[in-house]
Every structure is written in C-alpha cells, then in structure tokens.
Asks: 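To start, I am sharing the structure in question, which I have written as structure tokens.
When reading the values below, keep in mind they use all heavy atoms of this one structure, side chains included, and skip hydrogens, waters and symmetry mates.
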Amino acid sequence: MGIYLNPKNTGFREAVNSEIYVDKTGLIEYTNKCMNTKQKYICVSRARRFGKSMALEMLAAYYSRGCDSAALFKGLKIKKSKSFRKYLNQYDVIFLNMQQFLIEAEERDVTEYLTEEVVCELVEEYGEILDAGNKGLAAALRRLYVKTDKKFVFLIDEWDCVMRERQESEGMQKKYLDFLRNLLKDQPYVALAYMTGILPVRKYGQHSALNMFWEYSMTDQKALEEYTGFTEDEVRELCTRFAMDFDETSSWYDGYMFKRFHHIYNPKSVVEAMSCRDFSNYWTSTEVYDALKVYIDLDFDGLRSSIVQMLGGGRVEVNTRSFRNDMRMLETKDDVLTLLIHLGYLGYDSGEQKAFIPNREIVMEFENAMSVSGWPEVMRILKASEELLQNTLNGDADKVAEGLDRAHMEAASVLEDNDENSLGCAIGLAYYSARKDYRLIREFPAGKGFADIVFLPLPHTGKPAMVVELKYGVTVDAAIQQIKDRQYMQSLEGYSGEILLVGINYDRDHPDKPHSCVIEKINTM
C-alpha cells in the first residue's frame, strides 16, 4: 500500500467511527454496476463541502487491493448488495488529489510531478515488470496490463482545481486536459474512473478532451441524487437523535433539489449544527464572501434584477446549457447564475429550469456580499424590514403601506419589470428580516388556489402565521376576500394559533402612495 497506489482505508475508517456518520454506501452499488462498462467514466461535480472527498475515501477503502475493509462495512447498506463481495478489495486503486499535486509542484509542471510520484510507487510494487526508466504514467500502466491483465480504479479528487486556480494559464490547462485524456480515454487498463470537482468537465473553451465522462452535476445528479447531500429522512433522524428542531434545520440548510429528491440538505452544515447543538452559518464560514461578491457585481443585463427577485423569495429562469464550465469565460447573466448553482450559492429546479436562493444560510451570505458592494437600494430595504414586520404584527396597516411604498420604490430601481411578480418580489424583500422566525413560501398551495405569500412561523418563536394576498390595481378588500373565498387558511390546518390575513394592493395611478393594506387577525385555537 502507498500514498497513491492502494492507499490505506484510514479516511473511511475515521468517517464511520465519527459521532455522526450518514450511510452513503449505496453509491458503491452504483459504481459496481458501471465497472468495466461504457459507463465506467464518472464525473461528479458538487459544491464545496458536499462530501466529495469522503465518497472517494469510501470507494478507495472498498476497492483497494491490500486493504481488509470488510469489517468497516458491517451493518451498512452496501453489505446487502449481491455485488459487495465481488469487488471488495479486488482492484489496484490509483488515488490522485489534484489539489495536493498543484500545491507541491510549485514551479514544476504539475503533470510531470504527478507522473514521477505515481510511477515511483508503481515501480516499488511491480519492480519485476517496471523500472525507473518508465517515464510516462499511461505507458507504464499499459505495460502492466499487457504483462498481468490488471485493471485499475482511478479516483481523482479536485480534478478541476487547475481550471479554477490557474484560470489565466490556458497552456497549462490544455496540457493538463491532454494528460488526463491520454491517461484515461480508451485505455484497456481502466476498470473505473471516478472524478470529483466543483465544475463539470465539458466545454472548456473549444477543448473537449474528457468527453467520455458521464456527468453528474448540481443541475442534474441523475442516479446519484441521494448521495449529493443529506436527504430529508436522514436529517429527520439526526434531528431526533440530537434533539434539534427539524423545521428550523430545514429553514437553515434545506433547499437543494433534484428530480426525485426535492429536499437535499447541506451535509457540512447539518453535521456542524447537530454537533454544536446550535444553528449558524457553517458552510459559508469556510470561505470569505468576496468569492460571491465578484460574481453578483458583474455588469450583465438583468443580473441584478434576478438577484433581487431571488432575495425576495422568487425564482428566475436560467439557461444552464450555454455555460462553458469555465469560471473566467462568463458572457451572460445565465452564465453567472449557472456558475452560482454549481458553487452551491443557488438551488436549481430542473423541471421549471429556474434558480433560487436555497436557504437562510445562503441568504445571509448574499447579504454579507452586498453590504460591502454597490447595492445601497437593497441594503436600505433590508435594514427597514424589521420595522415593517413589527408594524404588520401590530396590525398597523397604514404604517405597513408606507413601508411598502418605500421598499417598492427602492426595489423598482433594480427590478426590470413593474408588474405583479415584481410586486411580490419587492414585498418578499421588504419582509427580509422575517426569515429568522418564518419560512417564506411564494405561491403556497392553499384551498382552491395559491396564496401569494405565506409566512409559516418556526416552532417556539411565538409568532402568528401570515397569509399575504397581493392585488394589482384592485382593492385591499378584494385581496382579503380572496383569501376567505378560496379558503387559503385551510392549508394551515395543522397550525394552531393566530393567523394574520394581509391584503395588499398596488395602484400605479397613485404614485405618491401606491400601496394600501388591510390586516385581519383570526385565532384558530
């Protein structure tokens, strides 16, 4: 066993011995199905701290010849699979952490340094076939295959770090991609190649060296959805075990969604929250907000409007197909939003092809980024939101209308349209501070239709629920009547306590005081 060739199972052992370990070994059953097939090239791209390295350590422990890992999988899901024994510790594994090679190579060529390191270990293991004169890694592996029929499992972590951290070095990037293509594509010694990174592999400029890979990304994880983060059932179980409130956990860390699993949680943040018995901003604390600030400040038509809509609880359409998976070649608003999806700052509904801010943790990150940037109008709305919420809870409809006048005027300078949708976004933004005590749901399924905005109080806050109906050029009484006629309150059937019915109308014919409001209190106890 070595550092790169057949590494020890220490990483996975530490994971299963940890206080919190969520069983994701079902992934092994999937990779076993891909072994020695046309689907053997797998590239999984996810945001930071979404368990990519842990998955590789698990795969290394399972496949690596020379390890005795059977006991580590006792009681785990993969143990029930028919393929478990077939591949357990049966392959030579080459484990490459590209971040490590990039750092250690310093001024040297990263691919030459990698080749030197890995070939050295191959010679130590197969000295009767190879010698130090074998310069190329692919050539050495082909020679081994010819002499022994041995195939290898390649596990590559941070595959895209060269693209992310050497963005200006196009020559270096091309050489690196050519190296990976020569190492992996159509090579007889490849049994499985599993790469992870933040970005998918295609469309780096005009270079498609790695087009043999099947991509599993934050826009479509395909069969690997449940291994991307923690599922709702897994988080419920953790909340029960650690006596943490599930609804508040969801408010903080839920929001990533795919086609089958609509509730995927940030694993890093959930583990931290359970361990500390406290809800806080854990995932984004691992990176300064400057990274987000750079992208949301880019001067693309419609970008600011889209950010404001999402801050207000809305969703925006995104064409993710035009993105070239390059952090430098950003040409449109859609490119920026797609990059933010891959970085984990936005969630993505592939059915509707819309992006949104997933949870409270990420909302706070946007606020941090905007607070030191050129977003004064939005920051004024956010700072005034606490007063607006308090006036609403007090039933002071006149002050609420005045507050909405100011908020909508500020938001209108950023939003592209001045219609009912933009009104909803502006109001969602105006009630920004409510997110600490409420779950804000736009177009909430309710009774015989959809309530425009519903504020569901988090447990133990002591706050009333709020059902908000927006009208455009009608009357506030019509808004309240619609809440009653369409029985929107029935959707809160499980809720016991005070409900505020908030009717809001916007009348553009009265530009000095365009908003009017009426608030009714209903007690369901």
Asks: Considering residues at least two apart in sequence or located in another chain, which fulfil the salt bridge (Lys or Arg N to Asp or Glu O under 4.0 Å) criterion with D92?
Replies: R65

Asks: For N89 and A70, which heavy atoms make the closest approach, and how far apart are they?
Replies: OD1-N, 4.4 Å

Asks: For the residue pair M98 and Y176, establish whether any side-chain heavy-atom pair is separated by less than 4.5 Å.
Replies: yes

Asks: Please name the pair of heavy atoms, one in Q173 and one in Q167, separated by the smallest distance, quoted to 0.1 Å.
Replies: NE2-O, 3.3 Å

Asks: Under the side-chain hydrogen bond (donor to acceptor under 3.5 Å, both in side chains) rule, what do S322 and D334 come out as? Steps first, then yes or no, please.
Replies: CA-CA 8 Å; S322 66; D334 286 335; 5.1 Å; no

Asks: Which heavy-atom pair separates A223 from R260 by the least distance, and what is that distance?
Replies: O-NH2, 3.9 Å

Asks: Counting only N and O atoms by type, is there a donor-acceptor contact under 3.5 Å from the side chain of S81 to the main-chain atoms of K77?
Replies: no

Asks: What's the spacing between Y194 OH and I156 CD1 if we round to 0.5 Å?
Replies: 12.5 Å

Asks: How long is the span from the CD atom in Q221 to the CZ atom in R46, to the nearest 0.5 Å?
Replies: 5.5 Å

Asks: Considering only heavy atoms from C-beta outward, does the side chain of V110 approach that of F179 to under 4.5 Å?
Replies: no

Asks: Is there a side-chain contact between L224 and V44 (heavy atoms, below 4.5 Å)?
Replies: yes

Asks: Under 4.0 Å between a Lys/Arg side-chain N and an Asp/Glu carboxylate O for E331 and R324?
Replies: yes

Asks: With no hydrogens and no angle check, just 3.5 Å: does a side-chain donor-acceptor pair link T461 and D437?
Replies: no

Asks: Does D349 pair with R315 as a salt bridge, N-O distance under 4.0 Å?
Replies: yes

Asks: Can a side-chain donor-acceptor contact be found between Q353 and T320 if the only test is distance below 3.5 angstrom?
Replies: no

Asks: Ignoring hydrogens and geometry beyond distance, is a side-chain donor-acceptor pair present between S69 and N9 at under 3.5 Å?
Replies: yes

Asks: Is it true that atom CE of M244 has more than 12 heavy atoms of other residues, nucleotides or ligands lying nearer than 6.0 Å?
Replies: yes

Asks: Answer yes or no: is there a donor N or O on one side and an acceptor on the other, between the side chain of E225 and the main chain of F261, under 3.5 Å?
Replies: yes

Asks: Any non-hydrogen side-chain atom of S45 less than 4.5 Å from a side-chain atom of W159?
Replies: no

Asks: So, E165 side chain and V162 main chain: donor-acceptor pair closer than 3.5 Å or not?
Replies: no

Asks: Mind checking ring-ring contact (aromatic ring centres under 6.0 Å, His included) for Y256 and listing every partner two or more places apart, or none if nothing turns up?
Replies: F50

Asks: Looking at OH of Y87 and CE of M35, how far apart are the two atoms once the value is rounded to the nearest 0.5 Å?
Replies: 6.0 Å

Asks: T25 and D23: side-chain donor and acceptor closer than 3.5 Å?
Replies: yes

Asks: Any side-chain heavy-atom pair from M310 and I307 closer than 4.5 angstrom?
Replies: yes

Asks: Nearest 0.5 Å, please: how far is OG in S251 from CG in L440?
Replies: 10.0 Å

Asks: Kindly determine whether M195 and E158 satisfy side-chain contact (heavy atoms from CB on, under 4.5 Å), including the steps that lead there.
Replies: CA-CA 8 Å; M195 297 198 316; E158 301 280 5; over 6 Å; no

Asks: Is there a donor-acceptor pair closer than 3.5 Å between any side-chain N or O of K52 and the backbone N or O of G197?
Replies: no

Asks: Do side-chain atoms of R49 reach the backbone of P267 as a donor and acceptor pair under 3.5 angstrom?
Replies: no

Asks: Which pair of non-hydrogen atoms, one from F242 and one from I20, has the smallest distance, and what is that distance?
Replies: CZ-CG1, 3.5 Å

Asks: Would you mind telling me which of E57, E226, E234 makes a salt bridge (charged side-chain N to carboxylate O under 4.0 Å, His left out) with K24?
Replies: E234

Asks: Establish, yes or no, whether the cationic atom of R108 lies under 6.0 Å from the six-membered ring centre of Y113 and within 45° of the ring axis.
Replies: no

Asks: Taking the side chain as C-beta and beyond, is there a heavy-atom pair between T249 and M274 under 4.5 Å?
Replies: yes

Asks: In terms of side-chain heavy atoms, does K293 have a donor or acceptor partner in N368 at a distance below 3.5 Å?
Replies: no

Asks: Cut-off 3.5 Å, side chains only: do N32 and K86 have a donor facing an acceptor?
Replies: no

Asks: Any donor and acceptor pair, going by atom type alone, linking the side chain of Y41 with main-chain N or O of L184 inside 3.5 Å?
Replies: yes

Asks: Over 60° means perpendicular and under 30° means parallel, so classify the ring planes of Y265 and F246, tilted if in between.
Replies: tilted

Asks: Given side chains that start at C-beta, do those of L144 and I129 come closer than 4.5 Å, heavy atoms only?
Replies: yes

Asks: Testing the basics here: between L137 and T115, what is the closest heavy-atom pair and its distance to 0.1 Å?
Replies: N-CG2, 3.6 Å

Asks: Might you confirm whether atom NZ of K259 has over 12 heavy atoms from other residues, nucleotides or ligands at distances under 6.0 Å?
Replies: no

Asks: Is the shortest distance from a Lys or Arg side-chain nitrogen in K268 or E272 to a carboxylate oxygen in the other one below 4.0 Å?
Replies: yes

Asks: Is the charged tip of K333 near the ring of F300: under 6.0 Å from the six-membered ring centre and within 45° of its axis?
Replies: no

Asks: If we check side chain to side chain contact (heavy atoms under 4.5 Å, CB included) with V93, which of these qualifies: Y62, Y4, Y63?
Replies: Y63

Asks: I'd like to know if the side chain of Q90 and the backbone of L88 have a donor-acceptor N/O pair within less than 3.5 Å.
Replies: yes

Asks: Do Y432 and E367 meet the criterion of a side-chain donor-acceptor pair at a distance under 3.5 Å?
Replies: yes

Asks: Pick out which of T196, I198, V201 makes a side chain to side chain contact (heavy atoms under 4.5 Å, CB included) with D160.
Replies: I198

Asks: Any chance CD of E237 has more than 12 other-residue heavy atoms, nucleotides or ligands included, within less than 6.0 Å?
Replies: no

Asks: Let me confirm one number: the CE-CG distance from M172 to L177, rounded to the nearest 0.5 Å.
Replies: 11.0 Å

Asks: So K150 and E125, salt bridge (charged side-chain N to carboxylate O under 4.0 Å, His left out) or not? Walk me through it.
Replies: CA-CA 13 Å; K150 282 185 178 292; E125 181 70 17; over 6 Å; no

Asks: Minimum heavy-atom separation for I453 and G428, please, with both atom names.
Replies: CD1-N, 4.4 Å

Asks: Any chance you could measure Y253, atom OH, to E248, atom CD, to the nearest 0.5 Å?
Replies: 8.5 Å

Asks: Between S53 and D157, is any side-chain donor less than 3.5 angstrom from a side-chain acceptor?
Replies: yes

Asks: Does S280 reach the main-chain N or O of Y282 with its side chain, forming a donor-acceptor pair under 3.5 Å?
Replies: no

Asks: Please assess K175 against D109 for the test salt bridge (charged side-chain N to carboxylate O under 4.0 Å, His left out), listing each intermediate value before the final yes or no.
Replies: CA-CA 10 Å; K175 184 174 182 179; D109 180 274; 3.0 Å; yes

Asks: Would you indicate whether the side-chain heavy atoms of V318 and F323 approach each other to under 4.5 Å?
Replies: no

Asks: Run the salt bridge (charged side-chain N to carboxylate O under 4.0 Å, His left out) check on E215 and K222 step by step: do they pass?
Replies: CA-CA 9 Å; E215 296 180 347; K222 302 183 179 69; over 6 Å; no

Asks: Can you check whether A61's main-chain N or O pairs, donor with acceptor, with S64's side chain at less than 3.5 Å?
Replies: no

Asks: Using modelled atom types and a 3.5 Å cut-off, is there a donor and acceptor pairing between side-chain atoms of E232 and backbone atoms of I264?
Replies: no

